[in-house]
Amino acid sequence: MSGTKKRVFIKTFGCQMNVYDSAQMATLLGTEGYDEVGEAENADLVVLNTCHIREKAAEKVYSDLGRLRQIKEARAKDGKTTQIAVAGCVAQAEGAEIRRRAPVVDYVVGPQSYQRLPQMLRGEEDPLATDFAVDDKFERLAKKRAANGPTAFVTVQEGCDKFCSFCVVPYTRGAEHSRSAQEISTEVRTLVRYGVREVTLLGQNVNAWAAPGLDGGKDWGLGELIAHLAQIEGLARIRYTTSHPRDMDDGLIAAHRDIDVLMPYLHLPVQSGSDGVLKAMNRGHTMDMYYRLIDNIRAARPDIALSGDFIVGYPGESDADFEDTLKAVRDIGYASAYSFKYSRRPGTPGAKRDDQIPEDVKADRLSALQDLLVSQQIAFNESLIGKTLPVLFDKKGRHEGQICGRSPYLQSVYVQGPLHLIGTLVDVKITSAGRNALSGHLVSEAMSPA
Ligand code: 5AD
Ligand code: SF4
């Protein structure tokens with residue numbers, strides 16, 4: 001290598017798994033002499049870490065590639081080369097097709113193969129890698145990832161075997177795989193040593209995590225893993241996402257009752273409130289099962305903030321089915337939620353159905369559902385006015401003198417306060433609430449343990 005510093009720009013689309021993978025790629029490329037920069041114009045290497053979950057997300061990648069082609073040509077006129085890599089789930093799903101459609105792309109690397117990027121860049125490996133090399137992915141990566149601020153993601157589980165009939169994840173991310181408890185424990189300890197106070201355990205099906213325990217006994221589930229991590233001194237908060245109702249076992253529910261560093265927030269997608277649609281979606285649970293789960297979780301942790309994902313307009317969804325979804329949302333009450341129009345994904349069973357719902361019907365249903373979900377979110381946020389909440393500050397706010405952090409319920413909280421509080425937990429009295437954030441004032445600077 002020449003020894004001169006090179007620059008990489010990494011753009012991340014989609015889910016938290018991609019945010020984590022991008023951080024890992026940045027670390028990996030750092031060891032190859034690349035500094036991360038904030039825009040493509042200055043970069044010798046551009047990595048698009050892509051998402052394939054809905055059509056819009058995938059198409060965005062191609063429009064970005066069009067722009068990158070212009071940048072590459074402009075830089076070439078100044079004698080500079082620009083290499084372009086497409087990583088993530090579009091890479092996995094479309095493989096070589098990407099380079100046919102966008103010849104500007106130099107490398108295509110799936111989510112299980114990005115540890116090969118350095119070798120690819122040196123010309124030592126095929127510029128297309130989309131095989132599933134799950135086992136050694138984490139081992140081959142640099143373990144000592146420097147922590148960027150007080151919160152960090154830690155992948156504990158990857159892939160999905162559930163095959164919901166709308167979803168590409170089982171095809172792009174492969175079968176369920178749990179990382180070992182030892183590796184996770186070591187990574188979390190390292191992060192805490194670097195100053196991390198909160199970890200979010202990540203997985204497409206995070207609550208399907210299962211692996212031999214560290215006590216030599218039977219296998220652990222996610223609840224036991226969390227109980228183990230909760231003992232790490234200096235770790236103030238644990239979160240996890242995303243969960244499947246089928247894997248929400250008693251051990252994990254008990255963890256919400258017993259472990260105070262486990263935050264009272266649960267993302268538990270239901271997708272639809274209609275048993276018929278749930279069946280068609282191959283979700284493997286009924287509404288009755290979901291309601292019973294919610295009752296148990298709320299009995300264990302009454303203040304838990306529930307979050308969910310919803311799809312409207314799955315093929316065959318009737319007006320009555322959609323009404324069932326609205327009713328379920330009214331009955332359950334969500335603190336926040338994500339909702340989407342069904343998007344036909346090639347290769348999935350839903351895409352093959354001939355009873356697709358017209359776009360305008362999907363749009364109307366989505367807007368009715370979102371009105372309801374937004375009103376619940378605002379009501380939840382407003383219910384906290386007057387309360388004092390511990391806030392973990394993690395960044396500067398938008399305005400002068402402002403700092404921003406997260407409540408236990410994952411809301412952003414803004415206060416006027418000194419920068420040295422970033423990285424600490426401080427009590428905040430909440431004085432106002434909007435749709436997306438709370439604001440308040442500092443009650444004390446004393447650090448609380450949780
Ligand atoms: N169309 C619309 N939404 C989808 N999701 C997954 N696949 C699709 C699709 N084909 C949504 C689900 C999932 C979230 C991550 O994305 O709600 O929980
Ligand atoms: Fe997709 Fe269903 Fe697996 Fe979630 S559980 S990743 S929606 S197949």
Side-chain angles (χ1 to χ4, degrees), residues 12-20 50-60 88-90 92-93 111-112 155-178 200 202-209 222 240-248 266-274 277-285 289-290 293 306-317 322 325 328-329 334 336-353 355-359 361-363 365-367 369-370 373:
T12 310
F13 300 80
C15 68
Q16 307 290 12
M17 299 289 288
N18 274 8
V19 174
Y20 174 87
T50 62
C51 171
H52 197 245
I53 196 112
R54 285 170 293 275
E55 192 176 357
K56 241 202 244 159
E59 282 310 311
K60 182 99 199 4
C89 291
V90 174
Q92 188 64 40
Q112 313 298 340
T155 292
V156 303
Q157 182 276 343
E158 282 206 83
C160 179
D161 302 334
K162 302 278 189 300
F163 288 93
C164 297
S165 46
F166 51 81
C167 186
V168 287
V169 167
Y171 311 95
T172 53
R173 291 271 176 171
E176 270 175 27
H177 168 81
S178 294
T200 302
L202 288 182
Q204 262 94 27
N205 255 290
V206 72
N207 58 346
W209 183 88
L222 190 64
Y240 62 96
T241 200
T242 286
S243 297
H244 193 292
R246 268 163 63 187
D247 295 317
M248 200 69 213
L266 175 62
H267 185 64
L268 194 66
V270 68
Q271 313 294 356
S272 165
S274 150
V277 174
L278 290 175
K279 191 154 194 287
M281 286 176 164
N282 192 33
R283 289 286 295 171
H285 62 85
M289 286 156 71
Y290 189 81
L293 259 183
L306 275 180
S307 157
D309 291 342
F310 296 89
I311 295 177
V312 300
Y314 186 73
E317 183 188 71
F322 176 63
T325 299
V329 172
Y334 286 89
S336 71
Y338 303 90
S339 48
F340 313 98
K341 288 190 281 188
Y342 170 67
S343 165
R344 216 168 164 174
R345 309 310 293 127
T348 59
K352 298 187 188 90
R353 289 183 54 152
D355 49 356
Q356 303 289 326
I357 304 294
E359 274 306 307
V361 176
K362 285 195 233 175
R365 287 180 186 168
L366 186 66
S367 103
L369 176 61
Q370 288 187 338
L373 289 167

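Scope of the values below: all heavy atoms of this structure, side chains included, with no hydrogens, waters or symmetry mates. Note that ligands are numbered from 1 as they come in the structure, with each ligand's atoms numbered from 1 the same way.
For Tyr314 and Phe322, the distance between ring centers is not under 6.0 angstrom. Centroid-to-centroid, the aromatic rings of His267 and Tyr240 stay 6.0 Å apart or farther.
When all heavy atoms are compared, the tightest approach of Thr348 to Ser165 is CB-O, 3.5 Å.
Protein heavy atom at the shortest distance from atom 2 (Fe) of ligand 2 is Cys164 SG, 2.3 Å. Of the protein's heavy atoms, Phe166 CE1, 3.6 Å lies nearest to atom 7 (S) of ligand 2. The shortest contact between atom 5 (S) of ligand 2 and any protein heavy atom is with His244 CD2, 3.4 Å. Closest to atom 1 (Fe) of ligand 2 among all protein heavy atoms lies Cys167 SG, 2.3 Å. The shortest contact between atom 17 (O) of ligand 1 and any protein heavy atom is with Gln271 OE1, 2.6 Å.
The ligand atoms of ligand 1 that sit less than 4.0 angstrom from a heavy atom of Lys341 are 1 (N), 2 (C). Interface of Asn205 with ligand 2, defined as ligand atoms under 4.0 Å from a residue heavy atom, comprises 3 (Fe), 5 (S). Close approach of ligand 1 to Arg54 is summarised as follows: ligand atoms under 4.0 Å from at least one heavy atom of the residue are 1 (N), 2 (C), 3 (N), 4 (C), 5 (N), 11 (C), 16 (O). For ligand 1, the atoms closer than 4.0 angstrom to any heavy atom of Asp309 are 13 (C), 14 (C), 15 (C), 17 (O), 18 (O). For ligand 2, the atoms closer than 4.0 angstrom to any heavy atom of Phe163 are 8 (S). Set against the non-hydrogen atoms of Ile53, the atoms of ligand 1 under 4.0 Å away are 5 (N), 6 (C), 7 (N), 8 (C), 9 (C), 10 (N), 16 (O). Under a 4.0 Å criterion applied to the non-hydrogen atoms of Pro170, ligand 2 contributes the atoms 8 (S). Numbered from 1 in the order shown, with element, the atoms of ligand 1 that lie under 4.0 Å from a heavy atom of Arg345 read 10 (N).
In this structure, Arg173 pairs ionically with Glu158, as a charged nitrogen and a carboxylate oxygen lie closer than 4.0 Å. Electrostatic pairing of Glu176 and Lys162 counts as a salt bridge here, judged by a charged N lying under 4.0 Å from a carboxylate O. Looking at Glu359 and Lys362, a side-chain N of the basic residue comes within less than 4.0 Å of a carboxylate O on the acidic one, giving a salt bridge.
For the pair Arg54 and Phe340, the distance from NZ or CZ to the six-membered ring centre is under 6.0 Å and the angle to the ring normal is within 45 degrees.
Taking a 6.0 Å sphere around CD of Glu55, one finds it holds 12 or fewer heavy atoms contributed by other residues, nucleotides or ligands.
When distances to atom 2 (Fe) of ligand 2 are checked against a cut-off of 2.8 Å, Cys160 contributes no N, O or S atom below that limit.
Contacts between Thr242 and ligand 2, counted as non-hydrogen atom pairs separated by less than 4.0 Å, are absent for every part of the residue. Residue contacts with ligand 2 for Pro269 are absent, since no atom lies close enough (heavy atoms, distance under 4.0 Å).
If you check the side chains of Ser178 and Gln157, you find no donor sitting under 3.5 Å from an acceptor.
The closest donor-acceptor contact from the side chain of Asp309 to the backbone of Gln271 lies at 3.5 Å or more, if one exists at all. Of the possible donor and acceptor atoms, none in the side chain of Ser243 sits under 3.5 Å from a partner among the backbone N and O of Leu268.
Considering backbone and side-chain N/O of Phe166, one or more are found under 3.5 Å from N/O of ligand 1. Any N or O atom pair closer than 3.5 Å counts here, and Ser343 shares at least one such pair with ligand 1.
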